[in-house]
Amino acid sequence: MYSSNRIAYWMSDKKLQKINWKEFEKICIKYNFEIFKLDLNKSLESQGPFNVFLHKLTDIIALENQGDPKSSHIIKAVECYISEHPSIIVIDPIPNVRRLLARYQCYSIIHATGLHKYGIFTPNFCEITSYDKEKTIQQLKDANVRYPFICKPLLGHGSKKAHEMCIIFNEKYLKDCRAPCVAQTFINHNAILYKIFVIGQQFYFVERPSLKNFYESDRKTICFASSDISRANSQSSLSVLDPEDISVQEIKPNPKILQKIAETLRLAFEMDLIGIDVVIENSTGKYGIVDVNAYPGYDGFPNLYDALLQCIISKVNNKNQITDCMISNDNPSNIVLNHLNNT
Ligand SMILES: Nc1ncnc2c1ncn2[C@@H]1O[C@H](COP(=O)(O)OP(=O)(O)OP(=O)(O)O)[C@@H](O)[C@H]1O
Ligand SMILES: O=P(O)(O)O[C@H]1[C@H](O)[C@H](O)[C@H](OP(=O)(O)O)[C@@H](OP(=O)(O)O)[C@@H]1O
Ligand SMILES: [Mg+2]
């Protein structure tokens, strides 16, 4: 049991408390898994061996990204340990998490999936790189980003700042774009958002409040913190529909389409723990993917920890099967032996 069923994890204390981690530890013990928190300030070698590494390192990766030497040292040590022990199952691989954290790259990956064949899209987006007005106008035009649009920080996780956004309604207030950022066309969706939570092959979705409908106009920029909008109990004034929008009929989501989104993005991002935020566009009924999150809150996911352990077990089994297969088929010494036996 020692090395084949040993899970190392790392998450911030805030995350551990929020998701009631003690419950997961109990389930692990019940199923004969040893589980322990990795100390990132100590030698990793001395804490091994382990065969699964489960983590939410987004805050540290974000700091590394901003040039913080301590965070960079920690992430390098983790990556180095993983590359020296390639049999470890990492949930999720650090390069894949990095890709998802960068909003521009994240939307580019969604755009490349071919989901548009199923009436699913990611709103037009571009990177705004400077405060040069003419340049910004050109960047928006090239990507067909229309007013109003949302400005989102380039990094999608890891700090309060990553969730500070604004809605820009016209050219006059382009100066409010906090460059560098991603600009994304605003999709009217009657203030309802669906959060799809993915754990390996399992998924679940919940309905959440969202931003009300907005139109191009001469109004001033609206700034908001995304954490005030789409939590289960959020009550932002920005989510209260204007009287003329109240009669717009609610379109219920098709679970098959949400499943298609979950399966496609899990494969596209090569990650098992993701959250996907989807809105249904009022005018077309199409499904717009507006955000993808690494290791989300899973608020409302039934039997969360059974699902998580099931995901881990299936990855461990897959890995063992592949290893068995390699030992019996591909091992060069076996091939030589088989050849010798046949001659
Ligand atoms: N393109 C869009 N059109 C309309 N509304 C949008 C769009 N993008 C985002 N929103 C709204 O803004 C909110 C915040 O956007 P987004 O999810 O990108 O921020 P975030 O900081 O990544 O949020 P999270 O905390 O879920 O990670 C969404 O919950 C949704 O209500
Ligand atoms: O409502 P969800 O679960 O989608 O909310 C996420 C949200 O995506 C935020 O991005 C948070 O991530 P950080 O930026 O890493 O703080 C998540 O926070 P966490 O505390 O659960 O890790 C939310 O769950
Ligand atoms: Mg997000």
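Order of listing sets the numbers, starting from 1, for every ligand and every atom in it. Here, residue 1 is the first one in the sequence, and each next residue gets the next number.
- Backbone and side-chain nitrogen or oxygen atoms of K18 are examined, and one is located within less than 3.5 angstrom of a nitrogen or oxygen of ligand 2.
- The single protein non-hydrogen atom nearest to atom 13 (C) of ligand 1 is F224 CE1, 4.3 Å, given as residue, atom name and distance.
- At least one heavy atom of T185 sits less than 4.0 Å from an atom of ligand 1.
- For atom 8 (N) of ligand 1, the nearest protein heavy atom (residue, atom name, distance) is K152 NZ, 2.9 Å.
- Here is the list of ligand 2 atoms found below 4.0 Å of a heavy atom in F197: 3 (O).
- The shortest heavy-atom distance from P123 to ligand 1 is under 4.0 Å.
- The distance from ligand 2 to the heavy atoms of K15 drops below 4.0 Å at these ligand atoms: 19 (P), 21 (O), 22 (O).
- Residue-ligand proximity: T58 is placed with a non-hydrogen atom under 4.0 Å from ligand 2.
- In this comparison of I150, V182, V279, N293, the heavy atom closest to atom 7 (C) of ligand 1 sits on I150.
- Expressed to the nearest 0.5 Å, how far OG of S230 lies from OH of Y194 amounts to 12.0 Å.
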Stepwise side chain to side chain donor-acceptor pair (under 3.5 Å) check, K42 with Q47: CA-CA 8 Å; K42 275 196 190 151; Q47 299 171 70; over 6 Å; no
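- If you check each of E164, R103, H189, H163 against atom 5 (N) of ligand 1, the one with the closest non-hydrogen atom is H189.
- Residue-ligand proximity, S210 to ligand 1, at heavy-atom distances under 4.0 Å covers atoms 30 (C), 31 (O).
- Near S226, the atoms of ligand 1 lying under 4.0 angstrom from a non-hydrogen atom of the residue are 14 (C), 19 (O), 20 (P), 21 (O), 23 (O), 25 (O).
- Ranking protein heavy atoms by distance to atom 3 (N) of ligand 1, first place goes to I187 N, 2.9 Å.
- By the 6.0 Å and 45° rule, K260 stacks over the aromatic ring of Y118.
- Counting atoms of ligand 1 from 1 in the listed order, those under 4.0 Å from a heavy atom of D277 are 17 (O), 26 (O).
- The shortest N or O to N or O distance between N293 and ligand 2 is under 3.5 Å.
- In this structure, the separation between CG on L238 and CG on L211 is 6.0 Å, given to the nearest 0.5 Å.
- Of all protein heavy atoms, the one lying nearest to atom 17 (O) of ligand 1 is D291 OD2, 3.0 Å.
- Rounding to the nearest 0.5 angstrom, the gap separating the OG1 atom in T185 from the CZ atom in R146 is 7.5 Å.
- Interface of I229 with ligand 1, defined as ligand atoms under 4.0 Å from a residue heavy atom, comprises 31 (O).
- Counting only heavy atoms of the protein, atom 6 (C) of ligand 2 lies nearest to G297 N, 4.3 Å.
- Proximity of K160 to ligand 1, defined as any heavy-atom pair under 4.0 Å, is not found for any part of the residue.
- With hydrogens left out, the protein atom closest to atom 10 (O) of ligand 2 is H163 CE1, 3.1 Å, a heavy atom.
- In the vicinity of G158, heavy-atom distances shorter than 4.0 Å reach the ligand 2 atoms 14 (O), 15 (O).
- For F50 and Y81, the distance between ring centers is under 6.0 angstrom.
- Counting protein heavy atoms only, atom 12 (O) of ligand 1 is closest to L211 CD1, 3.6 Å.
- Aromatic ring orientation, H111 versus F125: perpendicular (interplanar angle above 60°, classes split at 30° and 60°).
- Within the structure, salt bridge (charged side-chain N to carboxylate O under 4.0 Å, His left out) contacts touching residues 121-139 (residues at least two apart or in different chains) do not occur.
- Residues N213 and N190 bring a donor and an acceptor atom of their side chains to less than 3.5 Å of each other.
- Considering backbone and side-chain atoms together, P296 places no N or O closer than 3.5 Å to any N or O of ligand 2.
- For atom 19 (O) of ligand 1, the nearest non-hydrogen atom of the protein is M165 CE, 3.0 Å.
- Under the 30°/60° scheme for interplanar angles, the aromatic rings of F203 and F205 are found to lie parallel.
- Here the protein heavy atom with the shortest distance to atom 13 (P) of ligand 2 is H157 ND1, 3.4 Å.
- Look at S226 and the Mg ion (ligand 3): no N/O/S atom of the residue is under 2.8 Å from the metal.
- Looking from atom 2 (C) of ligand 1 to the surrounding protein, the closest heavy atom is V290 CG1, 3.6 Å.
- Nearest protein heavy-atom neighbour of atom 29 (O) of ligand 1: S230 OG, 2.7 Å.
- Here E45 pairs with H85 under the side-chain hydrogen bond (donor to acceptor under 3.5 Å, both in side chains) rule; sequence neighbours left out.
- The shortest contact between atom 22 (O) of ligand 2 and any protein heavy atom is with K56 NZ, 2.6 Å.
- Ligand 2 has no N or O atom lying under 3.5 Å from any N or O atom of D291, backbone or side chain.
- Judged purely by distance below 3.5 Å, without hydrogens or angles, the side chains of Y9 and E25 pair a donor atom with an acceptor atom.
- Interface atoms of ligand 2 facing R208, defined by a heavy-atom separation under 4.0 Å, are 1 (O).
- The CD1 atom of I60 sits 5.5 Å away from the CD1 atom of I75 when rounded to the nearest 0.5 Å.
- A continuous path of ILVMFWY side-chain contacts below 4.5 Å connects F186 to F224, so both sit in one hydrophobic cluster.
- Close to ligand 1: K195, with a non-hydrogen atom less than 4.0 angstrom away.
- No continuous path of ILVMFWY side-chain contacts below 4.5 Å connects I261 to V290, so the two sit in separate hydrophobic clusters.
- Any N or O atom pair closer than 3.5 Å counts here, and K195 shares at least one such pair with ligand 2.
- D291 has its closest N, O or S atom to the Mg ion (ligand 3) at the position named OD2.
- The aromatic rings of F53 and H55 sit parallel, their planes meeting at an angle under 30°, below the 60° perpendicular limit.
- Considering only non-hydrogen protein atoms, atom 16 (O) of ligand 2 sits nearest to K14 NZ, 3.9 Å.
- For the atom pair CG (L258) and CD1 (I196), the distance works out to 4.5 Å, reported to the nearest 0.5 Å.
- Because its NZ or CZ atom is both nearer than 6.0 Å to the ring centre of F36 and within 45° of the ring axis, R6 counts as a cation-pi partner of that residue.
- Here is the list of ligand 1 atoms found below 4.0 Å of a heavy atom in Q184: 1 (N), 2 (C), 7 (C), 8 (N).
- Judged by the 6.0 Å distance and 45° axis criteria, R219 is positioned over the aromatic ring of F169.
- A ring-centre distance under 6.0 Å is found for Y298 and F197.
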